[in-house]
Undergrad: 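Have a look at this one before I ask anything.
Order of the sequence lines sets the chain letters (A, B, ...), proteins ahead of strands, with each chain counted from 1. All values reported here derive from a predicted model rather than from experimental measurement. Values reported hereafter were calculated over all heavy atoms of this structure, with side chains retained and with hydrogens, waters and symmetry mates removed.
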Number of protein chains: 2
Amino acid sequence: MAETSTAVTKATSKKMRRKEAEALILSAAEKVFAEAGFGGATMQLIADVAGLPKANLHYYFPTKELLYRQVVQKIFQIWLQAADIFDQAEGPEEGIGAYIDAKMEISRRHADGSKVWASEVMHGAPVIQDYLETTLTDWTNGRIDVIERWISEGRMAQIDPRHLLYMLWATTQHYADFGHQIDTLNGGAPLDDKQWEAAKSNIKTIILRGIGATE
Amino acid sequence: MAETSTAVTKATSKKMRRKEAEALILSAAEKVFAEAGFGGATMQLIADVAGLPKANLHYYFPTKELLYRQVVQKIFQIWLQAADIFDQAEGPEEGIGAYIDAKMEISRRHADGSKVWASEVMHGAPVIQDYLETTLTDWTNGRIDVIERWISEGRMAQIDPRHLLYMLWATTQHYADFGHQIDTLNGGAPLDDKQWEAAKSNIKTIILRGIGATE
DNA sequence: GGCCTTCCTGACCGTATGGTCAAATTCAGA
DNA sequence: TCTGAATTTGACCATACGGTCAGGAAGGCC
């Protein structure tokens with residue numbers, strides 16, 4: 001084992017291909033940006049986590065902003081993926097239930113990414129404002145249409161679809177963004193499988209009953 | 001005794017009293033920390049916002065960390081205040097309903113503070129970890145007792161109290177922390193009085209019905 | 001091997017930042 | 001008015017940061 005150990009899996013060959021190197025750096029960057037925020041993160045620290053010299057980072061990502069932008073974009077893609085579940089459902093109980101499941105899974109598996117996104121939005125979305133105005137707006141309006149259809153079909157109560165969506169985002173992402181607070185209140189340990197299941201179940205129970213989609 | 005303080009925004013007299021100066025600086029710091037995060041905020045920018053020379057900040061707050069800590073503590077106090085409403089209620093519909101109202105009011109009036117708190121927790125609570133482990137833990141356990149009593153009295157469904165609290169925090173704080181995203185989806189304008197009322201009403205409707213505290 | 005492209009990296013640079021300090025200013029009370 | 005403590009401030013400093021660059025190493029292809 002001549003290779004130095006790093007937090008992120010490191011490639012074995014001396015010379016990396018673009019995609020490998022970029023993925024390695026993006027992964028390290030996501031972690032560091034999540035832990036320290038954009039301003040608090042340093043290229044040196046990202047380099048250390050990736051197990052590469054700092055200058056090598058600048059070879060693949062010329063500036064810190066560019067690296068950060070790619071990290072945020074990666075999250076946003078994953079985030080949007082959960083949308084498919086919503087559309088393919090035949091009713092609110094199935095659609096919203098599955099959406100909660102999917103978003104909770106993302107909160108668990110991609111907590112760092114969720115934090116980066118939250119941080120970005122909290123600071124006024126300086127980097128991804130255009131995404132909010134285009135992709136996210138379109139996505140939201142599409143889902144509002146679906147919910148309104150469900151309401152007009154009498155499959156759920158008359159709820160403001162927009163605020164329902166905010167509620168879904170808030171409750172699910174909370175488990176990623178405020179994971180540290182939740183862990184602390186859990187005695188310092190991360191939620192185990194059973195507790196995650198309880199969290200999902202609770203959210204689904206309350207919201208689905210709350211919107212009158214279950215009886 | 002009689003303070004001749006007139007304007008909170010800017011100092012009028014050449015020499016300030018400690019409390020005035022500290023309040024002015026804390027207010028500016030809260031704004032800047034919320035917008036830029038701890039790492040992104042600079043003492044120079046806080047000084048500019050406060051309308052004071054940078055060296056003057058260091059006279060009242062020796063280090064950036066100390067200033068930040070005070071800002072976070074201030075938020076936490078406001079945050080805990082909303083707890084009183086919870087205890088004085090005679091049932092879940094009144095108690096949780098009023099708590100949602102109170103927390104939504106905080107999200108609207110102290111959005112910057114909420115963001116600072118969120119940022120702090122998201123980055124692992126390096127500064128206020130002790131608060132999470134003591135005050136917040138105690139507060140949470142106390143509220144869990146109240147909710148469990150309501151459940152045992154048959155006044156609401158059997159819901160995990162802990163996850164219900166997380167849900168209340170998540171949904172209400174979302175309107176502060178993700179306010180920029182919400183504003184963008186609102187056509188770029190902040191929510192007006194009517195929209196805030198709709199948001200509050202929606203949350204209360206869904207959650208109270210969801211936990212079986214209303215019929 | 002010879003050559004070219006891609007990749008790697010230590011050393012370096014200008015700038016911005018948190019923090020210091022000593023001299024100046026203000027003000028309450030004697 | 002005088003005195004001493006509290007406050008204000010411009011100038012200054014050491015450090016750390018993002019970014020650059022020149023030269024070296026690795027590997028594919030003939």
Undergrad: Between D/dC17 atom P and A/L57 atom CG, what is the distance in whole Å?
TA: 14 Å
Undergrad: Nearest-Å distance, CD1 (B/I46) to P (C/dG18)?
TA: 8 Å
Undergrad: Between D/dA6 atom C1' and B/K19 atom NZ, what is the distance in whole Å?
TA: 17 Å
Undergrad: When the distance from NZ of B/K64 to P of D/dA16 is rounded to whole Å, what number comes out?
TA: 15 Å
Undergrad: Specify the separation, in whole Å, of atom NZ of A/K54 and atom P of D/dC21.
TA: 14 Å
Undergrad: Let me spell it out: for each of A/T42 and A/A55, pick the nucleotide of DNA chain D with the closest heavy atom. Which residue's pick is nearer the 5' end?
TA: A/T42
Undergrad: Test your reading of the model: is there a side-chain donor-acceptor pair from B/T140 to the backbone of B/L136, 3.5 Å cut-off?
TA: yes
Undergrad: I want to check one thing: is the phosphate of D/dT7, taken as OP1 and OP2, less than 4.0 Å away from some side-chain N or O of B/R18?
TA: yes
Undergrad: Where the side chain of A/P53 is concerned, which of C/dT9, D/dG18, C/dG18 is the nearest nucleotide?
TA: C/dT9
Undergrad: What nucleotide among D/dG18, C/dC8, D/dT9 has an atom nearest to a side-chain atom of B/N56?
TA: D/dT9
Undergrad: I'd like to know if the side chain of A/E120 and the backbone of A/V72 have a donor-acceptor N/O pair within less than 3.5 Å.
TA: no
Undergrad: What integer distance in Å separates A/Y59:OH from D/dC21:P?
TA: 15 Å
Undergrad: How far apart are the C-alpha atoms of B/D87 and B/R143, what are their side-chain angles, what is the distance that settles it, and do they pass the salt bridge (charged side-chain N to carboxylate O under 4.0 Å, His left out) test?
TA: CA-CA 8 Å; B/D87 295 320; B/R143 258 31 67 174; 2.5 Å; yes
Undergrad: Rounded to whole angstroms, how far apart are CZ on A/F61 and P on D/dG18?
TA: 15 Å
Undergrad: Contact class for A/A41 vs. all strands (heavy atom < 4.0 Å): base, sugar-phosphate, or nothing?
TA: sugar-phosphate
Undergrad: Atom NE2 of B/H58 to atom P of C/dG18: distance rounded to whole Å?
TA: 7 Å
Undergrad: According to the interplanar angle, ranging from 0 to 90°, do the rings of B/H163 and B/Y166 count as parallel (below 30°), tilted (30 to 60°) or perpendicular (above 60°)?
TA: perpendicular
